[in-house]
S.K.: 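Questions regarding the structure given below will be posed in turn.
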Amino acid sequence: MWLTIKEALSSEKLNINVTVKGWVRTFRSNRFIALSDGTTIKTIQCVVDFENFDEFIIKKINTGAAIEVSGNLVESLGKGQTVEVIAEEIKILGEANPEEFPLQPKKHSLEFLREIAHLRPRTNTFGAVLRIRHHLAFAIHKYFNDKGYFYLHAPIITGSDAEGAGEMFKVTTLDLNNPPKNEDGSINYKEDFFGKATNLTVSGQLEAELGALALSKVYTFGPTFRAENSNTSRHLAEFWMIEPEVAFADIFDNMDIAEEFLKYCINYILENCGDDLEFLEQRKIDAEKDLPQDQRSAMPLRETLKFVLENNFERLTYTEAINILKNSKPNKKKKFQYLVNEWGVDLQSEHERFLVEKEFKKPVILYNYPKEIKAFYMRQNDDNKTVAAMDILFPGIGEIVGGSQREERLDVLKQKIADFNIEEEEVWWYLETRKFGTVPHAGFGLGFERLMLFVTGMTNVRDVIPFPRTPKNAEF
RNA sequence: UCCUCCUUAGCUCAGUUGGUUAGAGCGGUUGACUGUUAAUCAAUAGGUCCCUGGUUCGAGCCCAGGAGGAGGAGCCA
């Protein structure tokens, strides 16, 4: 009976004949094969009596080779595992030349593994990350489905450049060496595939709003593209974003939803990915051993996750945050690179980190930002100075959620569009939703990879997505 | 895009003031070993010192330019 390694390890019946298939991790003492098939982080031990096998078979049981082992599933004689397979038959499914196979049983740096992204899923760390990535995506769909949201597929190719969320990748079928030109020398996009200039989406939000203003509660979950030349551990050129949008909701409903949603996802991983979390927790401890004490995590990974579940996110307005920062020690002692001295300035990373990691030591929701530093579609507050925007900041990661109540008043929105120098013709369809049956509504964007960083304890988004796309890197 | 740092064996790194034949650990190979847990022990092979140019009697080391990587900043999710 062919069993996955996950099934074999949890088999209630013992002393049965089983077949397992997987990739060899180590072959110890000419006798013990640690076999992994990725269904679980655990390996199954296959015990080989080498006198019963041809030497050329034994020689091919190398790290990385794919093999099939049949034999009796028994209680293990040794410590370290509960059951093992006493090999009676071994088939070599695919050899791996040990002189060439790069993943040997030793520590490899994350930087090196990025260069072999086609093989890194076979490591413990990336196996755990990819399994968690699946479960986290599933938890997101489950949460929204259970709450009555509809999954809306926003377009990936967009003809609008009004989203205002950064540089876009152009999509074209024109011959780049000889594009059709207008009389003034500019490129004639009327001859392009869509008859206009098009780009990859930087946000599905505007389309999600259209959905919410018909189905009440929707969410998008898809790839998102930013052509920014960002070289940081928190940015990708291609990443996945979740954007719920809810009609009849205001900024405070929005915060409630975001907090409940994040806690649901974190709890789901705690309940469903225990083995992988345990491994990643130890990995993080090992990785931080070389760091000075004050840069190490205050708590082990799973405790950090539980801590977030058990505590309310701290909610404060931008104005309150500015006052706290103004009177903070690093501001008074001029330790901040950017000193906080007046209302209206944009918060820098160092300020956000201070609030999250020093002042409150838990996730923080900042809301009601100055209108000048936020996007055109955010709802103007009655003070005429601020908009109903909210950002959720997580320790070690920074901004994980950015959202707002949307401007539903046509006249106010038209004025904002003019202020931001956006052509009304570009967003005529967006404006019509305010013309016909407009209602208050709100939503937010969650960076999937940033949530992955938090739940896995990894520190670079390039290590929580299978094949990262970053400036100068689109291999695989 | 800006700032800082890095690039030496398959991997992780050391390499003194510029000086002969560039080292270590891990991994690999060969041998030993039938209850190991990244097995252990012994022996052994393995190098375009990122690239281009320059300085010098002599460059892994100094200088200039380039490429790639990492961390931080900005942009943001």
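So you know, we letter chains A, B, ... as the sequences are listed, proteins then strands, and number each from 1.
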S.K.: Roughly how many Å is it from CG in A:N231 to P in B:rG72, rounded to a whole number?
M.R.: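 Rounding to the nearest Å, CG of A:N231 and P of B:rG72 are 12 Å apart.
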S.K.: Looking only at atom C1', what distance separates B:rU52 and B:rC13, rounded to whole Å?
M.R.: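 About 27 Å, rounded to a whole number of Å.
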S.K.: Just to be sure I understand the rule, does A:S230 reach a base, reach only the sugar-phosphate, or reach nothing, if contact means heavy atoms closer than 4.0 Å?
M.R.: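 The answer is base, as A:S230 lies within the cut-off (heavy atoms under 4.0 Å) of a base atom.
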S.K.: How are the rings of A:Y151 and A:Y219 set to each other: parallel, tilted or perpendicular (split at 30° and 60°)?
M.R.: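 A:Y151 and A:Y219: parallel rings.
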S.K.: What integer number of Å spans the P atoms of B:rU20 and B:rG72?
M.R.: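 Each nucleotide's P atom is 40 Å from the other's.
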S.K.: Using Watson-Crick or G-U wobble geometry with both distances under 3.5 Å, which nucleotide pairs with B:rA9?
M.R.: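 B:rA9 is unpaired by these criteria.
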S.K.: Which nucleotide, in any strand shown, forms a Watson-Crick or G-U wobble pair with B:rG65, with both distances under 3.5 Å?
M.R.: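 In the structure as shown, B:rG65 has B:rC51 as its Watson-Crick or wobble partner.
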S.K.: Take atom P in B:rG23 and the same atom in B:rC49, then report the distance between them in whole Å.
M.R.: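 It works out to 14 Å between them.
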S.K.: Assign A:E243 to base, sugar-phosphate, or nothing according to its heavy-atom contacts below 4.0 angstrom with the strands shown.
M.R.: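 A:E243: no heavy atom of the nucleic acid under 4.0 Å.
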S.K.: I need the residues from residues 459-467 of chain A with at least one non-hydrogen atom less than 4.0 Å from RNA chain B; give them sorted by number, or say none.
M.R.: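 RNA chain B contact set from residues 459-467 of chain A: A:N460, A:R462.
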S.K.: Below 4.0 angstrom from OP1 or OP2 of B:rG74, is there any side-chain N or O of A:Q348?
M.R.: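 Yes, within the criterion.
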S.K.: From B:rU29, B:rU1, B:rU30, pick the nucleotide closest to the side chain of A:N62?
M.R.: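 The nucleotide sitting nearest to the side chain is B:rU29.
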S.K.: Do the side-chain N or O atoms of A:T63 get closer than 4.0 angstrom to the phosphate oxygens (OP1, OP2) of B:rG27?
M.R.: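 A:T63 to B:rG27 OP1/OP2: no side-chain N or O under 4.0 Å.
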S.K.: Consider the side chain of A:N30, meaning its heavy atoms from C-beta on, and name the nucleotide among B:rG74, B:rC33, B:rA38 that approaches it most closely.
M.R.: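 The answer is B:rC33, which lies nearest to the side chain.
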S.K.: In whole Å, measure the gap between the P atoms of B:rC75 and B:rA14 for me.
M.R.: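 Pairwise P distance, B:rC75 against B:rA14, rounds to 35 Å.
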S.K.: Students often mix this up, so state it plainly: with edges at 30° and 60°, are the rings of A:F261 and A:Y143 parallel, tilted or perpendicular?
M.R.: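 Aromatic pair A:F261/A:Y143 classed tilted.
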S.K.: Using a cut-off of 4.0 Å on non-hydrogen atoms, how would the nucleic acid contact of A:T43 be classed: base, sugar-phosphate, or nothing?
M.R.: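 A:T43: no heavy atom of the nucleic acid under 4.0 Å.
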S.K.: Using purine N1 to pyrimidine N3 plus N6-O4 or O6-N4 for Watson-Crick, or N1-O2 and O6-N3 for G-U wobble, each under 3.5 Å, what pairs with B:rC76?
M.R.: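 Check on B:rC76: unpaired, no WC or wobble geometry under 3.5 Å.
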S.K.: Identify whether any heavy atom of A:G445 sits under 4.0 Å from a base atom; if not, whether one sits that close to sugar-phosphate; answer base, sugar-phosphate or nothing.
M.R.: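 A:G445: backbone/sugar contact only, no base atoms under 4.0 Å.
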S.K.: Between A:S29 and B:rC33, is there a contact of a side-chain N or O with OP1 or OP2 at under 4.0 Å?
M.R.: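 No, outside the criterion.
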S.K.: Only pairs with both distances under 3.5 Å count, Watson-Crick or wobble alike; so what is the partner of B:rC33 in this structure?
M.R.: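 Looking at the geometry, B:rC33 pairs with no nucleotide.
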S.K.: Report the base-pairing partner of B:rG58 (Watson-Crick or G-U wobble, both distances below 3.5 angstrom), or none.
M.R.: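 The base-pairing partner of B:rG58, which may sit in any strand shown, does not exist here.
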S.K.: Under 4.5 Å between any side-chain heavy atoms of A:L305 and A:L277, yes or no?
M.R.: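 A side-chain contact under 4.5 Å exists here.
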S.K.: Please state the C1' separation for the pair B:rG31 and B:rU12 - nearest whole angstrom.
M.R.: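 27 Å, rounded to whole Å.
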S.K.: Parallel, tilted or perpendicular, judged at 30° and 60°: which one describes the rings of A:F354 and A:F336?
M.R.: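 Ring orientation of A:F354 relative to A:F336: perpendicular.
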S.K.: Only one of A:K284, A:M452, A:R283 passes side chain to side chain contact (heavy atoms under 4.5 Å, CB included) with A:M458; say which it is.
M.R.: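 By the side chain to side chain contact (heavy atoms under 4.5 Å, CB included) criterion, A:M458 pairs with just one of A:K284, A:M452, A:R283: A:R283.
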S.K.: Kindly state which residues belonging to residues 119-131 of chain A come within less than 4.0 angstrom of RNA chain B, counting heavy atoms of the residue only, listed by number.
M.R.: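 Here the set is empty: none.
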S.K.: Indicate whether OP1 or OP2 belonging to B:rA73 is found under 4.0 Å from a side-chain N or O atom of A:R234.
M.R.: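 For B:rA73, OP1/OP2 do have a side-chain N/O of A:R234 under 4.0 Å.
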S.K.: Pick the P atom in B:rG60 and in B:rA70, then give their distance to the nearest Å.
M.R.: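 Pairwise P distance, B:rG60 against B:rA70, rounds to 28 Å.
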S.K.: Does A:R28 place a side-chain N or O at less than 4.0 Å from the phosphate oxygens OP1/OP2 of B:rU36?
M.R.: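 No, because none of the side-chain N or O atoms of A:R28 sits under 4.0 Å from OP1 or OP2 of B:rU36.
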S.K.: Where do A:T232 and A:R462 come nearest, in terms of heavy atoms and distance?
M.R.: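 That would be O-NH2, 3.2 Å.
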S.K.: May I ask you to decide whether A:D276 forms a salt bridge with A:R133, counting only side-chain N to carboxylate O separations under 4.0 Å?
M.R.: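 Judged by the 4.0 Å cut-off on N to carboxylate O distance, A:D276 and A:R133 do not form a salt bridge.
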S.K.: Are OP1 or OP2 of B:rG72 and a side-chain N or O of A:S233 less than 4.0 angstrom apart?
M.R.: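 For B:rG72, OP1 or OP2 has a side-chain N or O of A:S233 closer than 4.0 Å.
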S.K.: Using the P atom on both, measure B:rA9 against B:rG15 and round to a whole Å.
M.R.: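 That atom pair is separated by 15 Å.
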S.K.: Regarding A:F448, tell me which of base, sugar-phosphate or nothing describes its non-hydrogen contacts under 4.0 Å with the strands shown.
M.R.: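 The answer is nothing, as A:F448 stays clear of every strand by at least 4.0 Å.
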S.K.: Mind checking if A:P98 touches a base, just sugar-phosphate, or nothing, with heavy atoms under 4.0 Å?
M.R.: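 Contact class for A:P98: sugar-phosphate only.
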S.K.: What does A:E350 touch in the nucleic acid at a heavy-atom separation under 4.0 angstrom: a base, only the sugar-phosphate, or nothing?
M.R.: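 No contact.
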S.K.: Roughly how many Å apart are B:rG46 and B:rU36, using the C1' atom of each and rounding to a whole number?
M.R.: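 Going atom to atom, C1' in each nucleotide, I get 29 Å.
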S.K.: Parallel under 30°, tilted from 30 to 60°, perpendicular over 60°: which one fits the rings of A:F476 and A:F467?
M.R.: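 Tilted.
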S.K.: Test of understanding: with ring-ring contact (aromatic ring centres under 6.0 Å, His included), list the residues that count as partners of A:F448, not counting sequence neighbours.
M.R.: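 So A:F448 forms a ring-ring contact (aromatic ring centres under 6.0 Å, His included) with A:F221.
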S.K.: Which pair of heavy atoms, one from A:I16 and one from A:N72, lies closest together, and at what distance?
M.R.: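 Closest approach of A:I16 to A:N72: O-OD1, 3.0 Å.
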